[in-house]
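Residue numbering restarts at 1 for every chain, and letters A, B, ... go by the order of the sequence lines.
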Number of protein chains: 4
Amino acid sequence: MLPGKPKFRRRKEARPAEIVQAAMEVFAEKGFAAAKLEEIAARAGVSKGAVYLYFETKDDIFRAVVDTAIAPNLQVIRSMAAAHPGPFADLVRGIFGHMGGVLETTRVGGVAKMVIAEARNFPELARIWHDQLVAHALGAVTDAIANAQARGEVREGDPRLFAIELISPLLLSVLWRETFVPIGAPSFDIRQLAHQHAETMLRGMAKEAA
Amino acid sequence: MLPGKPKFRRRKEARPAEIVQAAMEVFAEKGFAAAKLEEIAARAGVSKGAVYLYFETKDDIFRAVVDTAIAPNLQVIRSMAAAHPGPFADLVRGIFGHMGGVLETTRVGGVAKMVIAEARNFPELARIWHDQLVAHALGAVTDAIANAQARGEVREGDPRLFAIELISPLLLSVLWRETFVPIGAPSFDIRQLAHQHAETMLRGMAKEAA
Amino acid sequence: MLPGKPKFRRRKEARPAEIVQAAMEVFAEKGFAAAKLEEIAARAGVSKGAVYLYFETKDDIFRAVVDTAIAPNLQVIRSMAAAHPGPFADLVRGIFGHMGGVLETTRVGGVAKMVIAEARNFPELARIWHDQLVAHALGAVTDAIANAQARGEVREGDPRLFAIELISPLLLSVLWRETFVPIGAPSFDIRQLAHQHAETMLRGMAKEAA
Amino acid sequence: MLPGKPKFRRRKEARPAEIVQAAMEVFAEKGFAAAKLEEIAARAGVSKGAVYLYFETKDDIFRAVVDTAIAPNLQVIRSMAAAHPGPFADLVRGIFGHMGGVLETTRVGGVAKMVIAEARNFPELARIWHDQLVAHALGAVTDAIANAQARGEVREGDPRLFAIELISPLLLSVLWRETFVPIGAPSFDIRQLAHQHAETMLRGMAKEAA
DNA sequence: AATGAATGAGAGTTCATTCAT
DNA sequence: GATGAATGAACTCTCATTCAT
């Protein structure tokens, strides 16, 4: 039969992931409402109709994007939780060393931006992000701090607030990259920030020398 | 025949501000694209058509909202810039005391969220926010830190990164309030966070005792 | 009472005519639908609301404009009808001499354009123009031709078609001026055309020399 | 379950022409502004949205309509230009014989009306009509007349004005049909007019017998 | 009488979703 | 399964008309 069909066609099981990947890019660039299905389909290399073979609605795709972005970050959290025992300074330096790399190489920034922007329109997603990711991470860090306080390594103070103080520059970094770098504002070195902040916080939280 | 209630009232001077106010709420709740003109008009207590007496397009309203939110914050920046001379600790404690109040009482959070979400679709607005607000604030704090370093009050380290470390929990607070509080996540006391963070940073940045 | 009211205010009886005049210009320029009431009011030197003191609707203004344009042209027709008796050549030369001037100095062109364009949307107006103006004029000329034929001055042929042949370059002239002159197309001298056409038609309609 | 009638049918290639055809009718009837997209779509047998698969804006459709109406008439002009050589009388009789038929069977009248009505709002279209159609036709006829004058077949006189005298009853015919026939005014036979006018003009332009 | 701010029906346009092919 | 032409609900924006002043 003449040329015949191509021997290798893309595995159909790969499609949903490709669509989610494409959607993540478009949503991160344009926001949920301004993202057009046609563009998502085009970037995924499929037709508009094909998207509907794998997802019911545009909302669904959005949910899948946001859900998908959780998994890789769960790892980070687990490593945090696992690190409890050692001395507090090691934990902090370890986490910041690790996180700096993760934030620079993944697209968490874009997804975080979307979650923040659409939290009111997709409250389930905000809840999922909070419950599965943010609360866990914050909780793990808070616990570690509380433990360190109990061990006398960290001065008194609300451990949850300490945790927020610790984490917030990382959030600011990724949002900055999404918001101001595209318009030509100066970027800054996330790893260096992570390093410097770890030192600052360790000193700032340290039990004052008698 | 009693007068009855008039179908409408002429309020030419007050309208634009009322519309901007209403728009700020709706945009903050729904995001730019999902905000419907009809709802903005309704919340402002006018008809759809009346909005177009004062603004050319929906984009225009958005711009006005974002612009409007800058003014009240400029004050804060000026107070930062003015505060240079005194000892560094006083400056930091003063700023955080002030900012905690501003963030709790104004709607900066909602506008910041919008700027982050729509930066790619409205780059001029991101630029205005960066140039008029963020860069100024960051610059003022950076300068103060550099001065303090020169005076030997603050340890070595990149002063711009120190500035980011200082400011970031405040950003996280307002975004948290916009994102996770509406879904029932626990809030936290911004003033208390500001207070604790001021102490942490002062210790963390202090010149180490020889 | 301080400055007092101006001593001379425009007579209110003059208003409707001023509005009609302004409307004629705007309608001729933009067409009925694209003409904005605000512009008509502005050109008439009154407020939008004032227009509604004299006219019920935009349609009404249009009707008034088209009606108004009939009167001055009725004169022409009467002069045609009155001229019956004399020799046919005198009649034709007289009419064309007169018409050339009228067409160059009045705005019939603009109104004719409007009647043509809006005949389907305002059939009463088309009917009024037809019955009061066009049919009269055509009838008068047709009669004069029929008479001339009866007197042996004009060759055989449908007198109504002869009338159309006579009149049509005048219509073309005014429409040309409205349509193609504004875009920079070359104009042409209507008086000269009228003169030349009168001669051509007199020769062309003449009883052939035996 | 019998197949039932499909909700829609795919007719990608045929659509644009069908839409232009439908639009021509609606525009000719209502004028540009009063023509509603919904009606154009309905007459073309498609939904409102489908129109936008083929045309960007309503203006675009209008342009396509006016452009489309040029092609069939170009033929006429070419035949005019080609006919130069023979005796002038043959040329004129030939053209009028041909034109009478074209005008009666095509919708040029409606389009001409639209061009006249919207010339100020769509000057490009007026220019296209002038340059591609009107100026060509007028030029061809003017040349033929000038040649005939050179050959001594036609009396002295401005050849361009002669051309206008020749053509104008045809314009009047089509506009009459668009304007006054719909309101019940008597029509007239375009072919007969063309025939009679050809004879009148030939006599009227003839070199007077010495 | 006169103004022009305010109204709201209605039009053009977009785009998620469907379905004939 | 895959496509993309076709749909139609929904949204922004316009402007003739109204009415408090």
Side-chain angles (χ1 to χ4, degrees), chain A residues 9-10 12 15 33-42 45-61, chain B residues 3-15 33-41 45-61, chain C residues 5 9-10 12 15 33-42 46-61, chain D residues 3-15 33-41 45-61:
Chain A
R9 49 170 54 192
R10 220 180 346 230
K12 73 165 191 271
R15 283 285 165 77
K36 286 172 214 159
L37 234 83
E38 187 131 34
E39 186 170 359
I40 293 173
V46 298
S47 71
K48 229 184 329 170
V51 174
Y52 282 87
L53 295 173
Y54 302 102
F55 300 92
E56 302 251 319
T57 63
K58 191 185 181 186
D59 286 23
D60 262 12
I61 305 173
Chain B
K5 75 162 165 262
K7 228 178 185 175
F8 58 81
R9 201 167 291 268
R10 320 187 124 209
R11 319 216 21 254
K12 192 179 184 184
E13 320 74 32
R15 290 289 191 227
K36 278 156 220 156
L37 232 73
E38 193 132 34
E39 187 172 356
I40 293 174
V46 298
S47 69
K48 235 184 332 169
V51 174
Y52 285 89
L53 295 174
Y54 302 101
F55 300 92
E56 304 247 320
T57 62
K58 191 185 179 187
D59 285 24
D60 257 18
I61 305 173
Chain C
K5 308 179 206 168
R9 49 169 54 192
R10 219 177 350 229
K12 74 166 192 273
R15 284 283 163 79
K36 285 172 215 162
L37 235 83
E38 189 131 33
E39 186 171 358
I40 293 173
V46 298
S47 71
K48 230 184 330 170
V51 173
Y52 282 86
L53 296 173
Y54 302 102
F55 300 92
E56 303 251 318
T57 63
K58 191 186 180 187
D59 286 23
D60 262 10
I61 306 174
Chain D
K5 74 162 165 264
K7 228 179 184 174
F8 59 81
R9 201 169 291 269
R10 321 187 123 209
R11 317 215 23 254
K12 190 179 184 184
E13 321 74 31
R15 290 287 193 231
K36 278 157 220 156
L37 232 74
E38 193 132 34
E39 186 172 357
I40 293 174
V46 298
S47 70
K48 237 184 329 171
V51 173
Y52 284 89
L53 295 173
Y54 302 101
F55 300 92
E56 304 247 318
T57 62
K58 191 185 179 187
D59 285 25
D60 257 19
I61 306 173

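Residue-level contact check: C/Ala34 touches neither bases nor backbone, having no heavy atom under 4.0 Å from any strand. Within 4.0 Å (heavy atoms only), A/Phe55 reaches no atom of the nucleic acid at all. Among the protein residues, B/Ala41 comes within range of no part of the nucleic acid, since none of its heavy atoms lies under 4.0 Å from any strand. Within the 4.0 angstrom heavy-atom criterion, no nucleotide atom of any strand lies near C/Ala42. No contact: B/Ala33 has no heavy atom under 4.0 Å from any strand.
In this structure, C/Val46 and C/Leu53 have side chains that are not in contact, with every pair of non-hydrogen atoms separated by 4.5 Å or more.
Put simply, CG on D/Leu53 is 9 Å from P on F/dT7, counting in whole angstrom units. Computed from coordinates, the A/Ile61 CD1 to E/dC15 P distance equals 15 Å when rounded to whole Å. Going from atom CD of B/Glu39 over to atom P of F/dT12 covers 11 Å, rounded to whole Å. F/dT17 atom C1' lies 13 Å from atom CG of C/Asp60, rounded to whole Å.
Picking from E/dA6, F/dT3, E/dT13 the nucleotide with the shortest atom distance to the side chain of A/Val46 gives F/dT3. Across E/dT7, F/dA16, E/dA2, the shortest atom-to-atom separation from the side chain of C/Tyr52 is found for F/dA16. With E/dA16, F/dA2, F/dA6 as the choices, the nucleotide that has an atom nearest any side-chain atom of A/Leu37 turns out to be E/dA16. Minimum atom distance to the side chain of B/Thr57 is reached by F/dC13, of the listed F/dT17, F/dC13, E/dT3.
A distance of 8.0 Å separates NZ in D/Lys48 from CG in D/Leu37, rounded to the nearest 0.5 Å.
Below the 3.5 angstrom threshold, one finds no donor paired with an acceptor across the side chain of D/Lys58 and the base of E/dT13. Counting distance only, with no hydrogens placed and no angle test, the side-chain atoms of B/Lys36 and the base atoms of F/dT12 include no donor-acceptor pair under 3.5 Å. Not a single donor-acceptor contact under 3.5 angstrom links the side-chain atoms of D/Lys48 to the base of E/dG10.
Nearest-nucleotide assignment on DNA chain F puts the 5′-proximal partner with B/Asp59, out of C/Glu38 and B/Asp59. Each of B/Ala50 and D/Gly45 lies near DNA chain F, and the nucleotide nearest D/Gly45 is the one positioned closer to the 5' end.
Within the shown strands, E/dC19 is the pairing partner of F/dG4 under the Watson-Crick or G-U definition, both distances less than 3.5 Å. For E/dA1, there is no paired nucleotide, since no Watson-Crick or G-U wobble pair has both relevant distances below 3.5 Å.
Closest approach of D/Tyr52 to D/Lys58, counting heavy atoms only: OH-N, 4.5 Å. The heavy-atom pair separating D/Ala33 from C/Ala33 by the smallest distance is CB-CB, 3.1 Å.
Close to E/dA1, at under 4.0 Å from its OP1 or OP2, lies no side-chain N or O of C/Arg15.
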